[in-house]
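A short write-up of the structure that comes next.
The chains referred to below are lettered A, B, ... by the order of the sequence lines, with proteins before strands, and numbering in each begins at 1.
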Number of protein chains: 2
Amino acid sequence: MALAHDYVRSNGLDALTMRRLAVAADVTPGALYKHFRDRKDLQRAMSDAIYATIDLSDIDTANPSIDNVKTCCERMRRAMLAFRDGGRIVAGSYAPLSATLNLSATLMTLLHAVTAPEHSPGQLAAVLRSYTTGFVIDEQAYLELSGTDEWDSLVQQIAANGHHRPTEADDLIAILTGDRNRRFDTGLDMILTGLVQASLAPPT
Amino acid sequence: MALAHDYVRSNGLDALTMRRLAVAADVTPGALYKHFRDRKDLQRAMSDAIYATIDLSDIDTANPSIDNVKTCCERMRRAMLAFRDGGRIVAGSYAPLSATLNLSATLMTLLHAVTAPEHSPGQLAAVLRSYTTGFVIDEQAYLELSGTDEWDSLVQQIAANGHHRPTEADDLIAILTGDRNRRFDTGLDMILTGLVQASLAPPT
DNA sequence: ACCTGAACACCGTTCAAGT
DNA sequence: ACCTGAACACCGTTCAAGT
């Protein structure tokens, strides 16, 4: 398992194949199928391994706050970012394994206390997850591209195709190349502010 | 191009290979490389073809409103849902092709008028995109799984592994199996409400 | 319980050569 | 400009057989 992540870290998800993992593990390809049912099962295990790197010990679930929720999401993003293609590995893998469920549980507990009464904590958890994974996938796609000459040609294509409204093309590129930490944070704020306003700042 | 989507519609993205597409197009594998640089280029073209199905003609950009923004996002989701694995096809593909840029542009125009002054419309556009794609990926992953016996075994795993807090396990499943249209909509509301509040309901 | 060897039915991509 | 044929270096998965 650790081997699989080592491999992806240095070679990317698309380069991870059962056969290459087998040689990395000094084993015959067929032997892997005693440990994982198939490639999808391997990816689920990798997904959970990513969640397993998230340290939640300092988060006081007895004392929930919006900041705690944000910290959870930020750590989720950090964890995914720490693995090459981490976003894609996690997205839609539905890994109901221990580390994944663990994060879900603490996030849910925090949200129970913080969510405005008219919304469901589970629903908000889903929104936050969708946002975070979607964000990281885009981010990592950009990271893989930038630096290569493929990125330059993409930028040129955007400029060329968006001839009608040149400002938006620039905007599109600026968003990607800008400070992504801040952008993620602001996005979180955008989502959370609307939700807690009702409970924290009730109409006088 | 249309052929590629037909193929994915009936066989799924993972089953789409250059070779199979070639036989579907009644052509030799090598011939495809005169139309697409590689597999990634093909996926970018497919991504744009998905956006091309979105009809924006009835959206009055001169008269921007929150409802118009929501309509845009809903149609984006609809378009992705209409194609098998549409979310994954679009996610992080950075297709700077005409239909994609077209949607970006109208969304941006609408947001320019509606976004609270302290936030950037481009940033909000990115948040909405992250949310929508993330949502659809999860949704389609569920749709592919549900119905198969794999889904049943996942549900059992969730129940078994989440032994500490059984309620949350149920919650997790309920979220997925519930009314996803409503869930998407509420999520949008959650995001947008916080953002326009400042401009629509200024403190007295 | 875990592994090997060997096989089966595939992949993406390239490239000289044809029209 | 577009296509074929053929090749190269790979894939995931299965399964009898070994230990």
Answer whether the closest heavy-atom distance between the side chains of B:R44 and B:P96 falls below 4.5 Å.
-> yes
With sugar-phosphate meaning primed atoms plus P, OP1 and OP2, does A:R19 contact a base, only sugar-phosphate, or nothing at under 4.0 Å between heavy atoms?
-> base
So do B:V90 and B:I50 actually touch side chain to side chain, heavy atoms under 4.5 Å?
-> yes
DNA chain C stem ranges, 3 or more consecutive Watson-Crick or G-U pairs under 3.5 angstrom | C:4-8 with D:12-16, C:12-16 with D:4-8
Given side chains that start at C-beta, do those of B:K40 and B:Q43 come closer than 4.5 Å, heavy atoms only?
-> no
Span of DNA chain D in contact with chain B (heavy atoms, under 4.0 Å) | D:dC3 to D:dA7
At under 4.0 Å between heavy atoms, what does A:R20 touch on the DNA or RNA strands: base, sugar-phosphate, or nothing?
-> sugar-phosphate
Ring centres of A:F135 and B:Y131 under 6.0 Å apart?
-> no
Of A:K34 and B:G30, the one whose closest nucleotide on DNA chain C sits nearer the 5' end is A:K34
Give B:T17 one of three labels, base, sugar-phosphate or nothing, depending on what nucleic acid heavy atoms sit under 4.0 Å from its own.
-> sugar-phosphate
Under the 3.5 angstrom rule, does the side chain of A:S120 hit a backbone N or O of A:Q123 as a donor-acceptor pair?
-> yes
Pairwise P distance, C:dA9 and D:dC10 [rounded to whole Å] | 22 Å
Backbone of B:R84 reached by a side-chain donor or acceptor of B:Q140 within 3.5 Å = no
Thinking salt bridges, do B:D85 and B:R88 make one under a 4.0 Å N-O criterion?
-> yes
Could you tell me whether B:D55 and B:R78 have a side-chain N and a carboxylate O separated by less than 4.0 Å?
-> no
